[in-house]
Amino acid sequence: MVDPKETINIENVVASTGIGQELDLQSVAMDLEGADYDPEQFPGLVYRTQDPKSAALIFRSGKIVCTGAKSTDDVHQSLRIVFDKLRDLNIQVDDDPEIVVQNIVTSADLGRTLNLNAIAIGLGLENIEYEPEQFPGLVYRLDDPDVVALLFGSGKLVITGGKEPDDAKEAVDKIVSRLEDLGLLE
Amino acid sequence: RLRKWQERIRTKDAGERNLQFALSEIDRMASALGVPRSVREVASVIYRRALDEDLIRGRSIEGVATSCLYAACRQEGIPRSLEEVSDVSRVEQKEIGRTYRYVAQELKLKMEPVDPKQYVPRFASELELSEEVQSKANEIIDVTAEQGLLSGKSPTGYAAAAIYAASLLCNEKKTQREVADVAQVTEVTIRNRYQEQIEAMGIH
DNA sequence: GCTTTAAAAAGTAAACT
DNA sequence: AGTTTACTTTTTAAAGC
């Protein structure tokens, strides 16, 4: 039997940072190739990196959000590219801006199909949200680690809201043991 | 002090008017949906609880009222789909759905997932199908759900497929389009659920 | 509350071929 | 009927309405 923890895959990492300098997004949009900027629609300028693939939201304040990366390393690599692109435009960028990981989205596989109806009752209707008319996944919020799990009938799940990769491992462990205690796995 | 007193009266009046409006809306929508008076009573009780718990702040009165009616139908075992409820409300389906989830969570309503069988009598009678077809549909739902086929699937589509399958098995065939129309799902959904259910039943 | 960005899960739906 | 595209849910930061 495969340990569900070994099926964990990071699908998206969201991080925030700042260059320590205010920006004129209008001119950045003019000079930066591939930049999407529509202040009427959204105050941030969107810049996409190809390798690693990610999207950076650049704001007037100089703060930046990076999303879409598949690892924390990719986040740093993507932001390094963004920082260098801004420097190419003669914009002052701090030497080593602090990068804070805000959210990690992970997927995993329990290796067995799940009876979501039984799990909803077992975990307690007040502790979960399961509305298959609106969404096929059962929403399960954990306190420690502070993450949200989406459980599917296929046995696959999504863990989101974590700040570090280990949050997903802890969450999967707790979910597996709880389902085993309830006799709802296999 | 007179000003404070008047303000209190005004607030009280406004609150009374809002409550009256909400209850009359519940009544109007319940009539349009053709649900019994008991469901309106349950919906009214849920609405008053939501009001007491201050859940209406930042939300529309009609959105909460509609959500309470949706919840009440489910609690009374005669569910109406979000689409059916939104058809008689001026609130959009997505808003009803998220308001319902919020109210159910906050009031700890412990709502159980809808059993597809609860849609069978109404859908089958709209299609003028016999008691025999209904029993067969219920059997299909029970047997296939027991095998885990129901997880994540919408109850209306599941019920619709079972009714379609049962109508074939009992020689009272209805087309996928006819069943799809009363259940408000697409033929594609019926086709997909039907195939799974028939296979799980062992193709009778 | 909304707006935008990314990503997975699985179901449903609509537009085309 | 099959394919593609797109929307549902969750999370998270950013600035502004």
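Numbered from 1 within each chain, the chains take letters A, B, ... in sequence-line order. Just so it is clear, the model here is predicted, and its values are computed rather than measured.
The CD1 atom of I10(A) sits 5.5 Å away from the CD1 atom of I104(A) when rounded to the nearest 0.5 Å.
Across all strands, V105(A) comes closer than 4.0 Å to base atoms (heavy-atom distances). Residue contacts shown for R59(B) are absent, as no nucleic acid heavy atom lies under 4.0 Å away. The residue S61(A) sits close only to the backbone: its heavy atoms come under 4.0 Å of sugar-phosphate atoms, none of a base. Residue R98(B) is in sugar-phosphate contact alone, with no base atom involved, counting any heavy-atom pair closer than 4.0 Å across all strands shown.
The heavy-atom pair separating D95(A) from R87(A) by the smallest distance is O-NH2, 3.8 Å.
If you measure from atom CG of D167(A) to atom C1' of dT12(D), you get 14 Å, rounded to the nearest angstrom. Atom pair L57(A):CG and dT5(C):P shows a separation of 8 Å (rounding to whole Å applied). The CD1 atom of I8(A) sits 15 Å away from the C1' atom of dA9(C) (whole-angstrom rounding). If you measure from atom CD of Q134(A) to atom P of dC7(D), you get 18 Å, rounded to the nearest angstrom. When the P atom of dT12(D) is taken as reference, atom CD1 of I64(A) falls 21 Å away, rounded to whole Å. We find that CG of L151(A) is positioned 18 Å from P of dT9(D), with the value rounded to whole Å. Atom CD1 of I159(A) and atom P of dA8(C) are 16 Å apart (whole Å). Atom-to-atom, CG of L138(A) to C1' of dA9(C) comes out at 13 Å; the value is rounded to the nearest Å.
Checking dA13(D), dT11(D), dA7(C) against the side-chain heavy atoms of S16(A) singles out dA13(D) as nearest. With dG16(D), dA14(D), dT10(D) as the choices, the nucleotide that has an atom nearest any side-chain atom of V65(A) turns out to be dA14(D). Of the candidates dT4(C), dA8(C), dT11(D), the closest approach to any side-chain atom of K70(A) belongs to dA8(C).
Across the P atoms, dT4(C) and dA6(D) are found 15 Å apart, a figure rounded to whole Å. dT3(C) and dC7(D): their P atoms are spaced 12 Å apart (whole Å). Nucleotides dC2(C) and dT8(D) place their P atoms 12 Å apart, quoted to the nearest Å. Only the C1' atoms considered, dA9(C) is 26 Å distant from dA1(D), to the nearest whole Å.
Nucleotides of DNA chain C nearest to T106(A) and D36(A) differ in position, and the one nearer the 5' end is that of D36(A). Taking the nucleotide of DNA chain D with the nearest heavy atom to each of F59(A) and N12(A), the more 5' of the two is matched to N12(A).
Judged purely by atom type and a 3.5 angstrom limit, S86(B) uses its side chain to pair as donor or acceptor with the backbone of E83(B).
Side-chain atoms of T67(A) and base atoms of dA6(C) include a donor and an acceptor less than 3.5 Å apart. Scanning atom types as modelled, no donor and acceptor separated by under 3.5 angstrom connect the side chain of T160(A) and the base of dT10(D).
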A correct 5'-to-3' footprint of nucleotides 10-17 of chain C, with B, S and - meaning base, sugar-phosphate only and no protein heavy atom under 4.0 Å, is BSSSS---
Would Y158(B) and T144(B) count as a side chain to side chain donor-acceptor pair (under 3.5 Å) here? Give the steps. CA-CA 10 Å; Y158(B) 208 86; T144(B) 59; 2.7 Å; yes
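Looking at V158(A), I159(A), V105(A) one by one, the single match for side-chain contact (heavy atoms from CB on, under 4.5 Å) with V147(A) turns out to be I159(A). Across R74(B), K153(B), R98(B), a single residue satisfies salt bridge (Lys or Arg N to Asp or Glu O under 4.0 Å) together with E131(A), and that is R74(B).
Note on K108(B) versus E126(A): no salt bridge recorded, every NZ/NE/NH1/NH2 to OD/OE distance being 4.0 Å or above. A salt bridge between K174(A) and D144(A) is present, with a side-chain N of the basic residue lying under 4.0 Å from a carboxylate O of the acidic one.
The side chain of R48(A) places an N or O atom within less than 4.0 Å of a non-bridging phosphate oxygen (OP1 or OP2) of dA6(C). At the phosphate of dG16(D), OP1 or OP2 sits under 4.0 Å from a side-chain N or O atom of R60(A). Listed pair K53(A) / dA6(C) fails the phosphate criterion, with no side-chain N or O lying under 4.0 Å from OP1 or OP2.
Taking the ring axis of Y70(B) as reference, the NZ or CZ atom of R80(B) does not stay both within 45° of it and closer than 6.0 Å to the ring centre.
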